[in-house]
Undergrad: 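Right, I'll just put the structure down here and ask away after.
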Amino acid sequence: MKVRGTVVGEVTTRTVSTSAGERDLAEVALRLREEGVSDSATDSGVLDSAGDSATDSGVTSSTDDSATDAGRSDSAGATPTTVTLWGKWTESAEVLEPGMELVVTEAERDEYRGETGYATTPASYVVVEPAYLVDVTDVRNWVECPRLYYLNKLSGVPLNYPVVKGTLVHEVFGDLLRGRDLEASIEERVEERALELGLLGESAESTAEDVRQNAAAIEGWLEQGRLSEDDEWRSEQLLISETFGLKGRADAIRRGAPVELKTGKNLKKEPRFKDKVQAALYALVLEEHGGSIDTGTLLYTKNSALDRNEETGDLTPAKDFSMGQGLLEYVLRLRNEIAAMEASGGVPTGKEGNAKCEYCFERDTCMVVSGRLDQESKAGQIGGAIPVEEREHFDRFYRAIEEERREVHREYAKLWEQSAEERADDDRAIVDLEFIEARELSGGRWELRARRRSAATSKLREGDLVLASDGEPVVGDAELARIERLDGVAPPAAEADDGPLDAEIVLTADEPVEVERLDVYPSELTTDRLLTALHDALLKGTERRKDVLFERAAPEFDAIDETFVDNNDAQDVAVRKAVGARDCALIHGPPGTGKTYTIARAIRAMVERGERVLLSAFTNRAVDNALEAVLETGIEPEDVVRVGTESGVREDMGHLRLEREGDPDARVAELQSARIVAATTATCGSRVMKEGSFDVALVDEAAQLTEPGTYAAINLAERFVLVGDHHQLPPVVQAENELAESLFERLVEAYPDAGVMLDRQYRMNQRIQAFPSTEFYDGRLRPATPDVAGRTLDDLDDVSLESLPSELADQVTFVDVPGDDERYTDAVEASRIADLIDTYADAGLAPSEIGVIAPFRAQVSEIERHVPDAVAVDTVDRFQGSSQEVIVVSFVASGELDGPIFEDYRRINVALTRPKRALVLVGDAEALGTDPVYARMLSWARR
DNA sequence: ACTCTGCATAGAGGA
């Protein structure tokens, strides 16, 4: 049976004499998980309840009586239950702390001193914090030295030749397994890496030759293998283990067993230990997937023919090794060490393992980081520590980022905790696909096609990396795939029809998965990059930069004696500050104040002064918008490079996009000669961008960025300019912690003199602007011109105010709708909104000039069913950054105005500041009146 | 309780 619970109290370890001699044991007091469904009818053999995710109980069993027994006696979890971990599992017991989760598989009931407990059996595995998904390659680092694991996490994988070459050899290996021609594969794969190779100063030819040498050994070995009929291969398998809390991607699986490729040389008889550990971890996960594995294979591609003959007599680059139960248990204990360390928020010192620092490549880095952060380390410390406040800042943000990582892991857990229907309801998956075909592409990859059976929405979009599966993303056949085409959702009428919709999905993947389901792929990439940006900012940043960031020295400015903007003082000051900033400048741009134009004007001025500029923002949309404005100032397209993915960059900016393929020197020249480089902050944190350096980094929508997110961009430049509005939406983060406040907001408050607020808005009629201005901007926001102040629908062609009913004659209207009692939708509001839109249409307004904003996605869908397609209906969050002639807001709330969505007044600010000429608020006056801010909004709207 | 954008994936190595 499987025991699962939370550790309470201390763990006691002792040695006892048994019939089998002296044995160690650890007693752990567990509060068993609340009893859920206790029946786990299937016994899959190796692992108890492998793949059986239906159960939530603390104890599940393959034999009915004990399951119900255990469930009954321990339900409610009032009294802790003692679980005895025998033998080497005591090592995992020692890392436990109260509050941690523990799982014991194949446990047995244990009566001791009249109490019922549980104990490990020889078939048991013990898993600490199973919800923390440890990456297999992380365990590989950890076994070498726990501190190496930590350092790798902080600084990321660097751009260097061995890494790029290793990646290439792996890719070619995968291609060979898929039956591709060696030379064709090498040529294409090397070409794809042109940008990275160029940055490293490597030529395509020499790299190809290098890869060829490594690949030749593999090819020869594969040829032997292919002779055997039963040699079943599969390349690159994504493996996720619910039971063991592991994830990773095996290079290949042969006859169900893991094969790992290493581009190094190994002339010893045995594989390197850490390589064995890696293979054993994959074996463990494969075991959960129903296999029973006792061998692993390591391929060392530098073992050339000469080496073999002269030194070892080995005839092959491959080393097979057998994996006993002891090794599998050992690697799981390593995994437990990492999970426990992460759960307790600890920092490894290196003393946990027995690695020898004198042989370590990372020794210098290790000592420097240890010194600067004043961390204990086996290698010792070099240099002085950074100030205490900086170390505390580092610790705080490190923890906050790790909290985000746990949220990503929680997304993984939903893959097995939620049913397919729940996933679909959460918009996290498209289920019930009808598989059409898998077609092999020329490059050895596959094109997968499927048809949608339902029109459900999801957050999956074209270009996204997804988990494509046969319907079972964890235990079934699953692979990473890219969405190439995602046909639009069919109109609602089609939903009634039971037949398949005529909406096709096209994917590309390495393996021909018979795809029936797509899930969002939870990536840790963002958290990884936030961590390295934090590290770089604090450990590599200059003293001056950190004085400014830590509010120890106010930013300084050079006086600029030039006028950049004639008719707008605040904009002109903003450009002068941006251009003259020695450290940083802060531009606060409320809605419609010409923020984008100001950015563009500042960038042109900087470029004219011979400076190299990085233009960044959190979203691709913001980057492209700003870039568009830059080009409109007359900057030559040849001076601009847009770095980003093909699907991320807006189509009309595609011609500026930096290609990564081709000739290494040419690609690097394009990047390095550009006067302006534009990329999202996530891309700024990438290996390629981190090689760059700039005079100025200009970050738009900076109030939507976390501190470390902002660092990713500003780390690359001498000076920086942040542009944003902290009274609009804050950063999107999962966990509630310091990441929710932007660096922009902190600095605006710390250095009022370094900032400028753009105070003249070019969007809203004065009547519309009045409330947001007093409520959110101290009354400082005003219309830029009399024309703006007085703009009404009458100015538009074909629209006449006379034909509108009197209730819509004012620029701001409140429509009181009692609403229904649904929580996230309101059909009454939706139908009233449809009527309003009809009324506007009758008065001559085009539907495309009306926008409808609702707080919830569900209400957005509800409204979409009632109004013409041309009307833009969306959530507040998605409306940020755009505007419409007429905006209708649906509030949904009835009765009480409670819920997090209403608590953040920045959201209502965004909603109210989208219209130019008319704003209609639709909601329940009684509910809105219960909150002071909404009450003031009401009296403004009902004037 | 709700809102939801980014990222190619992972990739190497010595006494």
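Labels below follow one simple rule: chain letters A, B, ... track the order of the sequence lines, proteins then strands, and each chain is numbered from 1. None of the values given here were measured: they were computed from a predicted structure.
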Undergrad: Of the options A:Arg140, A:Glu362, A:Lys153, which is the one that meets A:Leu148 in a side chain to side chain contact (heavy atoms under 4.5 Å, CB included)?
TA: A:Glu362
Undergrad: I need the CZ-C1' distance between A:Arg857 and B:dA1, as an integer number of Å.
TA: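 Those two atoms, CZ and C1', are 16 Å apart.
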Undergrad: Go through the steps for A:Thr207 and A:Glu202 under the test side chain to side chain donor-acceptor pair (under 3.5 Å), then give the verdict.
TA: CA-CA 7 Å; A:Thr207 307; A:Glu202 299 285 340; 4.6 Å; no
Undergrad: Tell me: CZ of A:Arg363 to P of B:dG13, nearest whole Å?
TA: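 Result: 22 Å.
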Undergrad: Check this one for me: any side-chain N or O of A:Tyr521 less than 4.0 Å away from OP1 or OP2 of B:dA10?
TA: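 Yes, such a contact exists.
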Undergrad: For a quick check of understanding: with a heavy-atom distance under 4.0 Å over all strands, which category does A:Arg529 fall into, base, sugar-phosphate or nothing?
TA: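 The answer is sugar-phosphate, as A:Arg529 gets under 4.0 Å only of primed atoms, P, OP1 or OP2.
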Undergrad: Under 4.0 Å from OP1 or OP2 of B:dC7: is there any side-chain N or O of A:Ser686 that close?
TA: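 A:Ser686 to B:dC7 OP1/OP2: no side-chain N or O under 4.0 Å.
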Undergrad: For A:Thr681, answer base if it contacts any base atom (sugar-phosphate contacts may also be present), sugar-phosphate if it contacts only those atoms, and nothing otherwise; contact means non-hydrogen atoms under 4.0 Å.
TA: nothing
Undergrad: Under a 4.0 Å N-O cut-off, is there an ion pair linking A:Glu479 with A:Arg249?
TA: yes
Undergrad: Ignoring backbone atoms, test whether A:Ser523 places a side-chain nitrogen or oxygen under 4.0 Å from the OP1 or OP2 oxygen of B:dA8.
TA: no
Undergrad: Mind telling me whether A:Phe744 and A:His726 have parallel, tilted or perpendicular rings, with 30° and 60° as the class edges?
TA: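 Tilted, since the angle between the ring planes falls between 30° and 60°.
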Undergrad: Counting only side-chain heavy atoms from C-beta out, which of B:dT3, B:dC7, B:dG11 sits nearest to A:Ile901?
TA: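 It is B:dT3.
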Undergrad: From NZ of A:Lys247 over to P of B:dA10, roughly how many Å is that when rounded to an integer?
TA: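 For the pair A:Lys247 NZ and B:dA10 P, the rounded distance is 7 Å.
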Undergrad: Closest approach to the side chain of A:Glu196, judged atom by atom: which nucleotide of B:dG11, B:dC4, B:dG6 is it?
TA: B:dG11
Undergrad: Rounded to the Å, how far apart are A:Arg140 CZ and B:dG13 C1'?
TA: 8 Å
Undergrad: Looking for any heavy atom pair under 4.0 Å, which part of the strands does A:Arg193 touch: base, sugar-phosphate only, or nothing?
TA: base
Undergrad: Would you mind checking if A:Asp464 and A:Arg482 are paired as a salt bridge, meaning a charged N to carboxylate O distance below 4.0 Å?
TA: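 Result for this pair is no, no salt bridge flagged.
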Undergrad: Please report, rounded to the nearest Å, how far the P atom of B:dG11 is from the CG atom of A:Asp510.
TA: 14 Å
Undergrad: The side chain of A:Asp877 is closest to which nucleotide in this list: B:dT9, B:dG13, B:dT3?
TA: B:dT3
Undergrad: Within the structure shown, what part of the strands sits under 4.0 Å from A:Leu148 by heavy-atom distance: base, sugar-phosphate, or nothing?
TA: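 Result for A:Leu148 = nothing.
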Undergrad: May I ask you to evaluate whether A:Thr683 reaches the phosphate of B:dC7, defined as a side-chain N or O under 4.0 Å from OP1 or OP2?
TA: yes
Undergrad: What's the CZ-C1' distance between A:Arg482 and B:dC7, to the nearest Å?
TA: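 So the two atoms are 9 Å apart, to the nearest Å.
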Undergrad: Counting only side-chain nitrogens and oxygens, does A:Gln278 get under 4.0 Å of the OP1 or OP2 atom of B:dG11?
TA: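 Answer yes for this pair, as a side-chain N or O of A:Gln278 is under 4.0 Å from OP1 or OP2.
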Undergrad: Separation of A:Lys262 atom NZ from B:dG13 atom P, in whole Å?
TA: 7 Å
Undergrad: Counting only side-chain heavy atoms from C-beta out, which of B:dA8, B:dT9, B:dG13 sits nearest to A:Arg660?
TA: B:dA8
Undergrad: Does a side-chain N-to-carboxylate-O contact under 4.0 Å join A:Arg406 and A:Glu403?
TA: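 Answer for the salt bridge query: no.
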Undergrad: Looking only at side-chain atoms of A:Glu144, point me to the closest of B:dA10, B:dA1, B:dG14.
TA: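 Selected nucleotide (nearest to the side chain): B:dG14.
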Undergrad: Can you tell which of B:dG11, B:dC7, B:dG14 lies closest to the side chain of A:Asp464?
TA: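 Given the options B:dG11, B:dC7, B:dG14, the side chain of A:Asp464 is closest to B:dC7.
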Undergrad: Hey, which of A:Val852, A:Thr825, A:Asp826 is the one that makes side chain to side chain contact (heavy atoms under 4.5 Å, CB included) with A:Ile863?
TA: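 Among the candidates, only A:Val852 passes.
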Undergrad: Please classify the nucleic acid contact of A:Phe856 as base, sugar-phosphate, or nothing, using heavy-atom distances under 4.0 Å.
TA: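 Sugar-phosphate contact only.
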Undergrad: Considering only side-chain heavy atoms of A:Thr263, which listed nucleotide, B:dG13, B:dG6, B:dG11, is closest?
TA: B:dG13
Undergrad: Using a distance-only criterion (donor-acceptor N/O pair, under 3.5 Å, no hydrogens), is the base of B:dT3 paired with the side chain of A:Arg907?
TA: yes
Undergrad: Counting side-chain heavy atoms from CB outward, which of B:dA10, B:dC7, B:dA12 is closest to A:Asn160?
TA: B:dA12
Undergrad: Please report, rounded to the nearest Å, how far the P atom of B:dT9 is from the CD atom of A:Glu171.
TA: 12 Å
Undergrad: Given B:dA1, B:dG13, B:dC7, identify the nucleotide with an atom nearest to the side chain of A:Leu525.
TA: B:dC7
Undergrad: Please determine whether a side-chain nitrogen or oxygen atom of A:Tyr161 lies at a distance below 4.0 Å from atom OP1 or OP2 of B:dA12.
TA: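 Answer is no, no contact under 4.0 Å.
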Undergrad: Think A:Arg621 has a side-chain N or O under 4.0 angstrom from the OP1 or OP2 of B:dT5?
TA: no
Undergrad: Please work out if A:Glu362 contacts a base, only the sugar-phosphate, or nothing of the nucleic acid, heavy-atom cut-off 4.0 Å.
TA: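 Base: the residue A:Glu362, judged by heavy atoms under 4.0 Å, touches a nucleobase.
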Undergrad: A:Thr680 side chain N/O closer than 4.0 Å to the phosphate oxygens (OP1, OP2) of B:dC7?
TA: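 Checking A:Thr680 against B:dC7: at least one side-chain N or O falls below 4.0 Å of OP1 or OP2.
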Undergrad: Kindly point out which of B:dC7, B:dT5, B:dA10 is positioned nearest to the side chain of A:Thr619?
TA: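 Nearest to the side chain of A:Thr619 among the choices is B:dT5.
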